[in-house]
Every structure is written in C-alpha cells, then in structure tokens.
Visitor: 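Structure provided below as structure tokens; questions to follow.
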Amino acid sequence: MNGAIIPAKQNSLEEQRRQLPIAQGRDALIQEIRDNDVIVLVGETGSGKTTQVPQYLLESGVAGEGVIAVTQPRRVAATSLAARVAAEKNVQLGGLVGYSVRFDESSTEATRIKYVTDGMLVRELLSDPLLSRYSAVIVDEAHERTLRTDILMANLKTIQRSRNQPVDRKGKGRATALNPLKIIIMSATLDAEKFSKFYDNAKFSTSQPDYVDAALRTFYQIHIDQSPGDVLIFLPGQEDIESLEKSITMYANRLPQECMGVTVCPLYAALPPTQQAKIFSATSKGIRKCILATNIAETSITIPGVKYVIDTGKCKEKRYIARSVGTGFDTLLTRDITKSSAMQRAGRAGREGPGLCFRLYTEESFKAMPISAEPEIRRCTLTSSLLQLKCMGQNLEQLDFMDKPEQDTIISALATLHLLSAVDDKKALTHLGRRMALFPLEPTLARSLLAATEFGCTREMLDILSILSASSKVFYDSSEEREAALETRRKFRHSSGDHMTVLNVVRSYDEIAASESKAGQRDWCQKQYLNFRCLTEAMDIRKQLREACEKNGIDWQLSCGDNEQPVLKSLVRGLVQNAAFLQPDGSYKQIMGPSIVKIHPGSSLCDKKVPAIVYDELVRVILRRV
DNA sequence: GAGCACTGC
C-alpha cells in the first residue's frame with residue numbers, strides 16, 4: 001500500500017528514546033557517528049555490537065572510503081570475529097572483510113573491515129604514523145585497558161587532531177579535513193566516563209544488551225550441554241528471526257562431527273503455511289530442532305516436542321499515536337513483554353515431560369514487567385467504535401469504561417468522522433454516517449465505497465477494499481527474496497499507484513480462480529509472490545461486502561472498466577485525511593497534518609515524484625536496535 | 001529503503 005514513513009530525523013532523539021523501551025537504534029548511532037569524531041559506545045562485552053557497528057559504518061558510508069579497523073586485545077577474537085562478519089555479509093574472508101594478527105593475515109586491497117589485534121595497529125604506527133589508510137578505528141574491549149590499547153588510544157587522540165584539522169584549499173570554499181578519522185571506543189559500563197573525558201568529553205552512548213546474540217549463545221549452550229530435545233526461541237519479529245536463523249545455521253555447519261545436527265524452523269504469522277508446517281514434521285534422530293518464533297507460538301500454535309524455551313523477553317506492539325492536529329499514525333515498537341506472557345512462554349517448555357526455560361533477562365526486569373497488557377482501548381484508533389456507538393445513540397465520552405480512552409484519541413476519531421461527513425458540526429450522526437456503519441469496514445474505507453456508488457465503480461472498489469481490510473498483506477516476502485518478488489510482481493504495477501496495482505492483482509486472481517482448483521490458485525500465488533492467505537480472506541470479505549450492498553439496495557456490479565479516474569476519486573473521498581503534496585526535496589508534506597511523510601520503498605509510486613499522493617496506511621519508523 | 005499477534009462486524 002502507499003505506506004508512508006515519517007523520517008526519524010523529524011523527531012528529537014529524546015522524544016524517540018521516550019517511546020522506545022530499547023534505547024539505541026542503528027540509524028541513531030550512525031547519525032551520532034556522523035556528528036561526532038569520537039564516540040564512546042557502552043554495552044556488554046561480546047555482544048553483537050562488535051560485529052554490527054563496523055557493518056553499519058560501511059553500509060552508511062559515514063567512514064568514507066578508507067579501511068575500518070576493529071581492534072581486539074586477543075588474536076583469536078580478531079580472527080573469529082572477521083570470519084563471522086564475512087559470513088554475515090556473505091563474502092569470502094579476506095575480501096571485503098579480513099583480519100590481520102601476528103603470523104597470520106587474511107586481507108587484500110579490497111578489504112574494508114579489518115579486525116586486528118591492538119598490537120598490530122600499534123606496530124603499523126611505525127610505518128604510517130597517521131594511520132592514513134584507516135578512516136575509522138574501533139577500539140573494542142577498551143575497558144580491559146591492556147598496555148597496547150592504552151598506547152593506541154593515546155596515539156589516536158593526536159592522530160585525529162592532525163588529520164581532522166580543516167584544510168582551507170584556496171578558493172575552494174569551505175574548509176574541510178582531507179582525510180578525517182573517526183574513533184569509536186567500545187567499553188563496559190563503568191569506565192565510560194573516563195574514556196569520554198580523555199577524548200575531550202566525547203559523546204557516549206549506551207547500547208542495550210543484544211538479545212539476538214544472547215539467544216544465539218544460549219542456544220549453543222543448550223545444544224552442547226543439554227540432553228536431546230527441541231528448542232523454542234521467542235523473538236519479537238521477522239527481522240530478528242531471519243538474522244538469528246542465519247547465525248545459528250552458520251555455526252551449525254561448523255559443529256564437530258560428534259555433535260548433534262541442528263535444523264532451524266522460523267515461525268511467524270506472515271510466513272506461508274507450507275513453511276510453517278515444517279515445525280510439525282518430525283526430525284530424524286541426532287537432529288535438534290530449533291524453532292524461532294514470534295509470540296504466535298505463545299498462544300496460537302502449540303509445537304510438540306519442545307523441551308527448552310529461550311525467552312528474549314521482547315515482543316512487538318502496534319500502537320496508534322493520536323494527534324489532536326492532523327492525522328495520527330501507527331507505530332510498531334519492540335517492548336518488554338508482560339509477566340503473563342513470560343509465564344505463558346515458560347509454560348511452552350516440556351509440555352510432554354520435564355522442560356527448561358532460559359530467560360534472557362534479570363529477576364529485576366521480570367519484577368518490573370507489567371502484569372498484563374494495556375487494554376486496546378488505550379492504544380488503538382477509536383474511529384470505528386465511535387461511529388458504531390453513535391449509531392446506537394451512545395456517547396463514547398460519557399460511557400463508564402474500566403479504562404478511559406485518551407482524550408486525544410477521541411478528538412482525533414471525531415475529527416476523522418467529521419471530515420468524512422459521518423457527523424455534522426454538532427458531532428451528530430449524519431445519514432451518510434449511518435450508511436457507512438452498515439459495512440464491516442473502517443469508516444475511511446466505507447466512505448470510499450459509498451463514493452464509488454456515486455462514481456459508478458463499486459465493483460472495482462470492492463476488489464480493492466477487500467484486500468485493504470484483509471488481516472495480512474498481499475505483498476509479503478522475506479528479505480532474501482525481496483528482489484525476485486519485486487521483479488515478478490512488476491507486471492501488476494499500475495502507474496496510478498498501489499491501489500490500482502491491487503486491483504490488477506485481484507483481476508488476475510479472479511481469472512485464475514475461475515479455472516483453477518484451490519491448489520492451483522495456491523501454486524499461482526506462490527509463483528507470483530502473492531500472499532494466498534490474504535487473497536482467500538479478501539475473497540470472503542468481498543463476498544460479504546457484496547451481500548451487504550445487496551441488502552442495502554446498492555448495486556455492487558457498477559463498473560468503470562478501464563477508466564481509473566472514478567476509482568481514484570472515490571478513494572480520495574475516504575482517504576482525504578491522508579493526502580500529501582510533493583515538496584521540492586522529493587518528500588511529501590501532509591495537507592491535513594504537520595508531518596513530512598515518505599513513500600514506502602515497496603510502493604509503485606516510490607521515486608516517481610508524482611505531485612500528490614493519498615495513502616491508506618501511515619507507519620512511524622522506529623530506530624533499529626544496535 | 002522494508003511487515004508483532006489476534007478479533008469482530
């Protein structure tokens with residue numbers, strides 16, 4: 001859909017921290033490194049930051065063209081970290097990612113991330129006192145304060161002073177440093193301030209313990225030490241699942257012969273059922289199954305044979321942020337689970353015998369967890385419920401609720417209904433509003449449907465709305481197959497945007513459904529990278545909506561054929577609130593709100609620079625975990 | 001430059 005994104009930069013870091021239980025994100029870190037020559041990064045040792053931060057530097061380009069050095073006090077750490085990062089980036093060790101330790105080197109001209117022992121870098125000072133090949137030096141395990149680390153840190157300080165000196169090239173405008181150096185000191189908590197002082201009060205930032213990495217290590221601890229039995233790991237979302245799947249598989253391939261094998265099964269709602277089914281198939285003897293699941297495995301799906309549970313203590317939660325001015329937006333944020341979730345997760349271990357649960361959080365964090373989740377009335381849009389209550393002659397503001405909704409949420413719901421002409425200036429229900437409530441649709445979509453009766457395109461509108469109100473997305477894929485999916489779906493793309501693209505999909509599906517069996521339809525969907533589950537659900541919804549039309553004297557067969565104008569006009573009637581105009585810099589500005597929004601990269605309108613857009617979904621981007 | 005789960009109508 002025309003998912004739009006509010007860029008993170010819009011909001012102050014402080015504001016984001018407040019909304020984000022896990023503090024530091026990838027983008028925020030990159031920004032901090034861009035803004036500061038020295039950063040002291042505090043966090044637990046051996047966590048993912050040693051492998052991730054260099055990759056962030058490389059990917060974002062903040063470290064320029066030079067080599068990114070990561071120093072380690074010990075040889076074995078340098079070589080094994082290099083191997084792991086090379087594997088994560090899917091490159092040959094010694095290419096893009098390499099290492100250099102005494103007696104052993106694996107690096108080439110192409111190497112951009114180089115893991116080295118601090119002694120090696122100190123030695124390099126002899127031949128290259130300014131370390132000019134390096135654009136960034138990351139000093140890891142700085143808290144160990146080995147002699148060579150200290151010598152290195154002292155030198156880095158003076159090197160940076162001379163390299164980052166602005167050079168005013170005559171007549172060439174602004175003075176800039178020719179070959180600046182970035183320094184990142186990674187340390188355990190206690191010494192952070194001392195490091196910061198040493199580098200002229202350098203900024204320091206704290207990274208949260210990396211639960212994905214902790215889960216990886218816990219899994220292998222179980223795998224090596226514990227008796228046979230499957231392992232279930234709870235993670236917040238697809239992204240973490242994909243990343244952990246990669247690292248577990250990578251280590252599984254290097255296990256000693258006598259060790260049990262490992263098979264990894266990802267599990268989340270959006271995963272096609274065929275792949276979900278893998279969790280139920282029995283593993284052969286000598287293979288340990290490791291299921292990586294979202295909280296879908298907490299209640300909805302019970303997995304047989306699980307003996308060990310690893311609980312990261314994290315989940316995702318969708319939250320609507322109301323704005324009394326303009327439109328609100330949804331955020332999907334990673335947060336701590338509740339006590340009841342924690343119990344539920346633990347209970348998934350050993351349902352058929354003794355089991356063990358490994359919680360990757362402290363007793364204190366457990367005690368700090370809320371007992372149960374906040375009720376939806378405090379977190380969701382109330383537009384639809386408000387309309388319904390009005391139809392029942394009730395007033396949401398006067399109802400005696402167990403938990404009262406936020407005032408802003410009510411105000412924004414009322415504003416939306418007013419804009420859709422479902423209520424009048426006195427907040428009273430209109431005839432139109434009553435008709436909107438006849439359909440099991442969000443009020444915005446119901447408004448578009450009623451507009452379609454005027455513009456003569458109910459048939460097309462029902463095709464689109466049924467997809468929009470299905471609970472899963474039509475276009476959904478893992479990050480691995482994203483490119484292929486994009487290419488295959490190109491034929492559905494419509495120059496007028498994603499809603500017309502969706503219409504093309506439904507029309508094609510209708511043709512297939514007319515001649516193919518259910519299995520044939522499923523096959524077709526799979527080949528087109530379309531979500532079969534979404535389409536079948538949408539077809540049920542469409543049938544129901546058509547019936548609702550018939551019942552209420554609306555002709556659902558009105559078609560505008562190949563003329564897209566009536567469809568677009570009708571959509572706008574419902575989505576007025578979500579209109580935005582192109583800005584000179586290529587971003588979009590809401591007409592009814594203050595925000596700058598961006599078109600989702602998966603949209604057919606992305607990079608098209610059309611003068612105006614309407615969207616049906618606005619998502620606030622949350623910074624990623626370090 | 002990228003999607004937690006569920007439910008009802």
Side-chain angles (χ1 to χ4, degrees), chain A residues 1-8 21 26-27 30 59-60 234-243 266-272 276 292-301 312-319 330-338 340-341 344-345 373 375-377 379-380 384-385 387-389 391-392 436-443 445-446 465-466 469-483 485-486 498 529 531 533-534 537 540-541 543-545 547-548 551-552 586-587 597-603 605-607 617-624:
Chain A
M1 304 313 94
N2 286 347
I5 298 158
I6 300 177
R26 174 189 195 267
D27 298 346
I30 290 168
E59 287 157 12
S60 66
F234 282 102
L235 292 149
Q238 182 186 342
E239 189 186 0
D240 289 331
I241 289 176
E242 285 177 354
S243 125
L267 178 66
Y268 45 91
L271 200 70
Q276 283 191 7
L292 312 181
T294 60
N295 50 11
I296 191 170
E298 204 174 293
T299 47
S300 309
I301 297 180
T312 57
K314 300 287 174 190
C315 67
K316 286 202 183 186
E317 183 183 83
K318 196 171 196 164
R319 189 170 273 272
D330 288 318
T331 62
L332 195 58
L333 50 85
T334 304
R335 54 163 296 165
D336 290 335
I337 57 171
T338 61
S340 70
S341 258
Q344 190 72 32
R345 289 179 175 194
E376 278 191 337
I377 199 166
R379 327 183 322 238
C380 298
S384 186
S385 303
L387 179 63
Q388 275 178 327
L389 288 172
C391 288
M392 302 180 329
M436 279 160 60
L438 293 170
F439 299 94
L441 285 170
E442 288 300 311
L445 302 186
L465 298 183
S466 56
S469 51
S471 55
S472 49
K473 306 223 183 255
V474 232
F475 304 132
Y476 203 95
D477 35 63
S478 71
S479 49
E480 298 262 297
E481 54 188 17
R482 204 159 275 164
E483 296 269 307
L486 200 74
D498 302 315
Y529 290 93
N531 186 348
R533 207 178 332 161
C534 170
E537 189 190 346
D540 286 342
I541 294 172
K543 185 161 163 275
Q544 189 193 24
L545 290 174
E547 282 161 11
K551 213 168 119 191
N552 294 289
S587 66
V597 299
K598 278 186 180 172
I599 297 179
H600 192 280
S603 166
L605 293 180
C606 196
D607 304 323
E617 192 184 13
L618 179 64
V619 176
R620 156 85 170 266
V621 171
I622 294 293
L623 303 178
R624 276 201 279 165

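So that the names make sense, note that chain A is the first sequence line, chain B the second, and so on, each numbered from 1.
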Visitor: Let me confirm one number: the NZ-CD distance from A:K543 to A:E547, rounded to the nearest 0.5 Å.
Guide: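 That separation rounds to 5.0 Å.
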Visitor: What is the separation between atom CG on A:L333 and atom C1' on B:dA5, rounded to the nearest whole Å?
Guide: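 In whole Å, B:dA5 C1' and A:L333 CG are 14 Å from each other.
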Visitor: Looking at B:dA5, B:dC9, B:dG1, which one has an atom nearest to any side-chain atom of A:P601?
Guide: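 From the listed options, B:dG1 comes nearest.
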Visitor: A:E298 and A:S341: side-chain donor and acceptor closer than 3.5 Å?
Guide: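 Checked: A:E298/A:S341 side chains pair up, N/O donor to acceptor below 3.5 Å.
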Visitor: Write down the distance between CG (A:L441) and C1' (B:dT7), rounded to a whole number of angstrom.
Guide: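 Roughly 16 Å, once rounded to whole Å.
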Visitor: Side chain of A:R482 only, heavy atoms from C-beta on: which candidate in B:dC4, B:dT7, B:dA2 is closest?
Guide: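 Of all the options, the side chain of A:R482 is nearest to B:dA2.
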Visitor: B:dC6, OP1 or OP2 - any side-chain N/O from A:S300 closer than 4.0 Å?
Guide: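 It does, given that an N or O in the side chain of A:S300 lies less than 4.0 Å from OP1 or OP2 of B:dC6.
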Visitor: Which pair of non-hydrogen atoms, one from A:L271 and one from A:P266, has the smallest distance, and what is that distance?
Guide: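 What the structure gives for the nearest pair is CD2-O, 3.3 Å.
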Visitor: From the list B:dC4, B:dG3, B:dA5, which nucleotide is the closest neighbour of the side chain of A:K473?
Guide: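 Closest of the options to the side chain of A:K473: B:dG3.
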Visitor: Is A:T294 near enough to B:dA5 that one of its side-chain N or O atoms lies under 4.0 angstrom from OP1 or OP2?
Guide: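 Affirmative; the distance criterion is met.
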Visitor: How many whole angstroms separate atom CZ of A:R379 from atom P of B:dC4?
Guide: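 So the two atoms are 15 Å apart, to the nearest Å.
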Visitor: Check A:K316 with A:E239, please: is the shortest side-chain N to carboxylate O separation under 4.0 Å?
Guide: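 No.
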Visitor: Take the protein atom CD1 of A:I599 and the nucleotide atom C1' of B:dG1, then report the distance between them rounded to whole Å.
Guide: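 So the two atoms are 13 Å apart, to the nearest Å.
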Visitor: Between A:I296 and A:L267, is any pair of side-chain heavy atoms under 4.5 Å apart?
Guide: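 When only atoms from C-beta onward are counted, A:L267 and A:I296 do touch, with a gap below 4.5 Å.
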Visitor: Which of the following nucleotides, B:dA2, B:dC6, B:dG1, is nearest to the side chain of A:H600?
Guide: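 So the side chain of A:H600 is nearest to B:dA2.
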Visitor: Taking any heavy-atom pair under 4.0 Å as a contact, classify A:Y268: base, sugar-phosphate, or nothing.
Guide: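 Touches sugar-phosphate only.
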Visitor: Grab the CD1-C1' distance between A:I301 and B:dA5 for me, whole Å please.
Guide: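 So the CD1-C1' distance, A:I301 to B:dA5, works out to 11 Å.
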Visitor: Between B:dC4, B:dC9, B:dG1, which nucleotide has the shortest distance from any of its atoms to the side chain of A:Q388?
Guide: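 Selected nucleotide (nearest to the side chain): B:dC9.
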Visitor: Among B:dA5, B:dG3, B:dC9, which is the nearest nucleotide to the side chain of A:Q544?
Guide: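 My answer, after comparing the listed nucleotides, is B:dC9.
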Visitor: Can you work out whether A:S384 or A:P236 has the more 5'-proximal nearest nucleotide on DNA chain B?
Guide: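 The residue mapped nearer the 5' terminus is A:P236.
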Visitor: What is the distance, to the nearest angstrom, from the CG atom on A:L235 to the C1' atom on B:dA5?
Guide: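 So the two atoms are 15 Å apart, to the nearest Å.
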Visitor: Nearest whole Å is fine: how far is B:dC4 C1' from A:E617 CD?
Guide: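 Atom-to-atom, A:E617 to B:dC4, this comes out as 13 Å.
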Visitor: Can you tell me how far C1' of B:dA2 sits from OH of A:Y529, to the nearest Å?
Guide: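 Computing the A:Y529:OH to B:dA2:C1' distance gives 17 Å.
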